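Starting off with a structure, shown below.
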Amino acid sequence: MADPQGRPQEGQSQEPPGFGPLPLDTTADVGAGGARIAVLPIGSHEQHGPYLPLATDTLIACAVARELAAAYPLYRLPPLTISCSHEHSAWPGTLSVSATTLVAIVGDIAASLRRSGIRGLVLVNGHGGNYVLRNVVQESAGTGFAMALFPGSADWSTAAEHAKVETSSRSDMHAGEVETSILLHENPVYVRPGHKDSDFLVDDRRHLLTLGLRPYTESGVIGRPSLASADKGRAMLASLTDCFGEYLSLLTAERSGAPFEDGAR
């Protein structure tokens with residue numbers, strides 16, 4: 001609650017309500033920062049059961065990007081909030097763009113960054129259904145504009161082990177222990193009542209791409225959110241931040257060893 005002049009009281013967030021995921025830099029801030037690698041959070045707008053918000057993947061991607069930008073010299077970009085969530089279309093509120101559109105948007109952002117002097121781009125992907133981002137990064141190799149996709153599956157496994165997550169990565173597919181823990185850490189208000197009673201496991205999902213998620217779960221949940229805790233969420237973000245150091249080293253090496261200089265193509 002603010003005082004009569006609108007100043008936040010001690011302990012209250014300085015960020016405007018509803019703008020937590022957005023970086024609030026000015027152009028002067030970005031210029032003075034001198035970062036040469038940008039980080040783009042890519043989330044989604046899709047169902048996460050009855051207790052997590054549609055923006056869950058965006059909130060998580062933004063949390064990871066924020067921690068990375070606090071620990072490394074990165075230019076943090078605002079998030080992409082709608083991506084490829086077609087497998088969740090049976091639930092109200094879910095929105096999607098095509099894989100072609102997502103590729104085009106990321107490509108346009110990368111081109112704009114390159115024109116402004118940025119030398120590389122990290123895609124912080126919060127939604128597992130954005131398979132096409134792998135190809136976007138794959139195709140960037142050797143172009144002189146380095147790209148990376150983060151976190152990878154090994155990074156999530158390391159983070160889960162560090163945080164003592166109990167559910168396997170196969171079983172913790174959607175709105176489960178990992179996602180709920182990170183949101184509990186970020187802000188408990190993001191997690192509505194119900195996660196303690198919503199555990200549901202189904203490891204055989206071999207026809208997910210053909211059928212979507214609905215034949216496998218009525219609630220939209222696959223995982224064990226009852227095991228979530230804010231401490232696990234905090235530990236996972238810390239571990240992911242540590243893992244990123246190797247990526248940054250590779251991005252720098254990729255740039256220094258690129259076969260083409262700017263303007264050569």
Side-chain angles (χ1 to χ4, degrees), residues 41-61 64 79-107 123-139 149-161 165-183 191-192 194-228 232 236 240:
I42 302 178
S44 72
H45 197 79
E46 65 185 37
Q47 71 83 20
H48 276 79
Y51 50 85
L52 295 185
L54 292 158
T56 289
D57 291 342
T58 300
L59 292 167
I60 290 174
V64 174
L80 298 183
T81 60
I82 299 174
S83 58
C84 302
S85 299
H86 311 280
E87 69 273 27
H88 298 279
S89 60
W91 285 274
T94 297
L95 300 174
S96 289
V97 298
S98 69
T100 302
T101 297
L102 183 59
V103 169
I105 294 171
V106 172
L123 307 179
V124 174
N125 181 36
H127 172 49
N130 291 333
Y131 312 109
V132 72
L133 295 178
R134 294 174 177 266
N135 297 110
V136 171
V137 172
Q138 178 190 39
E139 292 173 13
L149 184 62
F150 184 81
S153 57
D155 305 310
W156 278 117
S157 295
T158 298
E161 182 178 359
V165 170
E166 299 177 54
T167 315
S168 71
S169 59
R170 177 66 181 172
S171 297
D172 197 63
M173 185 259 184
H174 196 67
E177 185 177 358
V178 166
E179 291 186 314
T180 306
S181 290
I182 293 176
L183 290 199
V191 182
R192 298 189 183 184
H195 72 283
K196 292 290 187 181
D197 304 309
S198 294
D199 290 3
F200 184 79
L201 299 179
V202 52
D203 285 352
D204 186 351
R205 306 183 296 270
R206 69 187 70 187
H207 299 299
L208 173 66
L209 292 181
T210 300
L211 301 175
L213 194 63
R214 191 57 179 262
Y216 298 101
T217 169
E218 282 294 319
S219 68
V221 178
I222 296 180
R224 295 193 290 176
S226 68
L227 300 177
K232 291 178 182 178
M236 279 186 282
L240 291 175

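On a predicted model such as this, the values are computed, not experimentally measured, just so you know.
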### Query
CG/Leu95 to OG1/Thr81 distance, rounded to the nearest 0.5 angstrom?
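Going from the CG atom of Leu95 to the OG1 atom of Thr81 covers 8.5 Å.
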### Close side-chain approach of Pro79 to Ile42, heavy-atom, < 4.5 Å
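When only atoms from C-beta onward are counted, Ile42 and Pro79 do not touch, as no gap falls below 4.5 Å.
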### Message
With a 4.5 Å cut-off on side-chain heavy atoms, are Met173 and Asp203 touching?
### Response
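A side-chain contact is absent here, since even the closest heavy-atom pair is not under 4.5 Å.
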### Message
Check whether Asp172 reaches the backbone of Glu177 with its side chain - one donor and one acceptor, N or O, closer than 3.5 Å.
### Response
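Yes; judged by distance alone, with no hydrogens or angles, the pair exists.
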### Asn125 side, atom CG; Asn130 side, atom CG - distance, nearest 0.5 Å
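Result: 4.5 Å between the selected atoms.
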### Task
Identify the two heavy atoms, one from Tyr131 and one from Leu209, that lie closest to each other, and give their separation to 0.1 Å.
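Scanning both residues completely, I find the closest heavy atoms to be OH-CD2, 3.6 Å.
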### Query
Does Ser169 reach the side chain of Trp156, with side-chain heavy atoms less than 4.5 Å apart?
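No. Closest side-chain heavy atoms not under 4.5 Å.
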### Query
Is the closest basic N to carboxylate O distance between Arg224 and Glu166 below 4.0 Å?
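No, this pair does not count.
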### Message
Determine whether a donor-acceptor pair (N or O, by modelled atom type, separation under 3.5 Å) exists between the side chain of His207 and the backbone of Gly212.
### Response
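No, because the side chain of His207 does not come within donor-acceptor range (under 3.5 Å) of the backbone of Gly212.
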### Task
Write down the atom of Tyr216, the atom of Phe200, and the distance for their closest heavy-atom approach.
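Result for this residue pair: O-CE2, 3.1 Å.
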### Closest non-hydrogen atom pair, Thr94 against Ser85
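So the two residues come closest at CG2-O, 3.6 Å.
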### Query
Can you find a pair of side-chain heavy atoms, one from His195 and one from Val221, that are under 4.5 Å apart?
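No, every pair of side-chain atoms sits at 4.5 Å or beyond.
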### Task
Please state whether the rings of His48 and His88 are parallel, tilted or perpendicular, taking 30° and 60° as the class boundaries.
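Geometry flag for His88 against His48: parallel rings.
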### Message
With rounding to the nearest 0.5 angstrom, report the CG to CG distance, Leu208 to Leu213.
### Response
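Rounded to the nearest 0.5 Å, the CG-CG separation comes out at 6.0 Å.
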### Query
Which atoms form the tightest heavy-atom contact between Cys84 and Leu102, and what is the distance?
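Smallest heavy-atom distance, with atoms named: SG-CD2, 3.9 Å.
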### Query
How many angstroms lie between OG1 in Thr158 and CE in Met236, if you round to the nearest 0.5 Å?
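Going from OG1 on Thr158 over to CE on Met236, the span is 12.5 Å.
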### Task
State, to 0.1 Å, how close Trp91 and Glu218 come at their nearest heavy-atom pair, and which atoms those are.
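That closest heavy-atom pairing would be NE1-O, 3.3 Å.
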#### Entry: More than 12 heavy atoms from other groups under 6.0 Å of CZ on Arg192
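No.
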#### Entry: Short side-chain to backbone donor-acceptor contact, His86 and Gly129, under 3.5 Å
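No: the side chain of His86 does not pair with the backbone of Gly129.
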### Task
Could you check if a side-chain atom of Val191 sits within less than 4.5 angstrom of a side-chain atom of Leu52, using non-hydrogen atoms only?
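Yes. Closest side-chain heavy atoms under 4.5 Å.
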### Query
Roughly how far, to the nearest 0.5 Å, is OG of Ser83 from CD of Glu46?
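These two atoms lie 6.5 Å from each other.
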### Task
With side-chain hydrogen bond (donor to acceptor under 3.5 Å, both in side chains) as the test, would you mind laying out the steps for Thr56 and Glu179 before giving the verdict?
CA-CA 8 Å; Thr56 289; Glu179 291 186 314; over 6 Å; no
### Message
Nearest 0.5 angstrom please: Tyr51 OH to Lys196 NZ, how far?
### Response
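Going from the OH atom of Tyr51 to the NZ atom of Lys196 covers 11.5 Å.
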### Query
Do Val165 and Ser181 touch side chain to side chain, with heavy atoms closer than 4.5 Å?
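SC-SC contact between Val165 and Ser181 ruled out.
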### Query
Counting only heavy atoms not in Arg134, do more than 12 sit closer than 6.0 Å to its CZ atom?
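No, the 6.0 Å shell around CZ holds no more than 12 heavy atoms from other groups.
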### Query
Are the side chains of Val106 and Leu80 in touch, meaning some heavy atoms are under 4.5 Å apart?
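The answer is yes; the side chains approach within 4.5 Å.
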### Query
Between Ser44 and Ile82, is there a donor-acceptor pair closer than 3.5 Å when you use the side chain of the first and the backbone of the second?
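Answer holds: no.
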### Query
Is Arg205 close to Ile222 at the side-chain level, that is, under 4.5 Å between some pair of heavy atoms?
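When only atoms from C-beta onward are counted, Arg205 and Ile222 do touch, with a gap below 4.5 Å.
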### Task
Specify the closest pair of heavy atoms between Pro225 and Thr180, including all atoms of both residues, with the distance to one decimal.
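Pro225 and Thr180 have their closest heavy atoms at CB-OG1, 3.7 Å.
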#### Entry: Check: Asp197 main-chain N/O paired with Ser226 side-chain donor or acceptor under 3.5 Å
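Side chain of Ser226 to backbone of Asp197: no pair is present.
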